[in-house]
Amino acid sequence: MDEQTRIEIEAAAFRRLRKHLMEERPDVQNIDLMNLGGFCRNCLSRWYMEAANEKGIEMGKDEAREIYYGMPFSEWKAKYQTEAGADKQAAFETAFKENVTDKE
């Protein structure tokens with residue numbers, strides 16, 4: 001497989017993952033994704049931002065989230081985010097530390 005085809009296939013897989021999480025399963029909470037998988041939609045938007053920045057495109061966290069979510073993050077939270085219990089919040093703190101904070 002040539003490099004350009006590989007890039008196009010990887011991009012298509014990313015778009016399909018985004019569609020699945022944003023359109024087909026907006027009920028799946030970010031906290032559950034992070035607790036179980038070590039990443040969430042916010043991670044995906046951060047990785048998008050980091051890739052843009054590496055290419056010399058200035059992009060901040062809020063702009064990347066709006067691109068990824070297709071709306072301002074505050075709007076997404078109001079529409080889809082539910083309250084998480086203390087057990088999920090505690091698990092999130094551990095997962096975030098292991099997968100985000102300690103990796104930076």
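The shown structure was predicted, so the numbers you read here are calculated from the model rather than taken from an experiment. Worth knowing before you read on, the calculation uses all heavy atoms, side chains too, and leaves out hydrogens, waters and symmetry mates.
A single hydrophobic cluster is seen to contain both L17 and V28, as judged by linkage of ILVMFWY side chains at heavy-atom distances under 4.5 Å, directly or through other members. Under the 4.5 Å side-chain heavy-atom criterion for ILVMFWY residues, a single connected hydrophobic cluster contains both L33 and W76. In terms of hydrophobic clustering, with Ile, Leu, Val, Met, Phe, Trp and Tyr side chains grouped at heavy-atom distances under 4.5 Å, M34 and L36 are assigned to different clusters. One hydrophobic cluster, built from ILVMFWY side chains closer than 4.5 Å, cannot hold both L44 and F96; they sit in different ones. A continuous path of Ile, Leu, Val, Met, Phe, Trp and Tyr side chains, each step under 4.5 Å between heavy atoms, connects W47 with F14, placing both in one hydrophobic cluster.
Under the side chain to side chain donor-acceptor pair (under 3.5 Å) criterion, K88 pairs with D32, not counting sequence neighbours. The ring pair (Phe, Tyr, Trp, His ring centres under 6.0 Å) test applied to F73 returns Y69, not counting sequence neighbours. Looking at residues two or more places apart in sequence or on another chain, you find no side chain to side chain donor-acceptor pair (under 3.5 Å) involving N35. Evaluation of the side chain to side chain donor-acceptor pair (under 3.5 Å) rule for Q4 yields E8 as partners, not counting sequence neighbours. For E66, the side chain to side chain donor-acceptor pair (under 3.5 Å) test picks out no residue, with sequence neighbours left out.
Although no hydrogens or angles enter the test, the distance criterion places a donor-acceptor pair under 3.5 Å between the side chain of Q29 and the main chain of Y80. The backbone N or O of R41 lies less than 3.5 Å from a partner atom in the side chain of N30, making a donor-acceptor pair. Checking side-chain atoms of D2 against main-chain N and O of R6 turns up no donor-acceptor pair under 3.5 Å.
With values rounded to the nearest 0.5 angstrom, M49 atom CE is found 10.0 Å from D62 atom CG. Between the OG1 atom of T94 and the CG atom of N99 there is a distance of 10.5 Å, given to the nearest 0.5 Å.
For residues 12-27, every residue pair satisfying the side-chain hydrogen bond (donor to acceptor under 3.5 Å, both in side chains) rule, not counting sequence neighbours, is listed here: R16-E24, K19-E24, H20-E24, R25-D27.
Across S45 and R65, no two heavy atoms sit closer than the pair OG-CG, 3.3 Å.
With a 4.5 Å cut-off on side-chain heavy atoms, M22 and Y68 count as touching.
Applying the 6.0 Å contact sphere to CD of E10 captures more than 12 heavy atoms from other residues, nucleotides or ligands.
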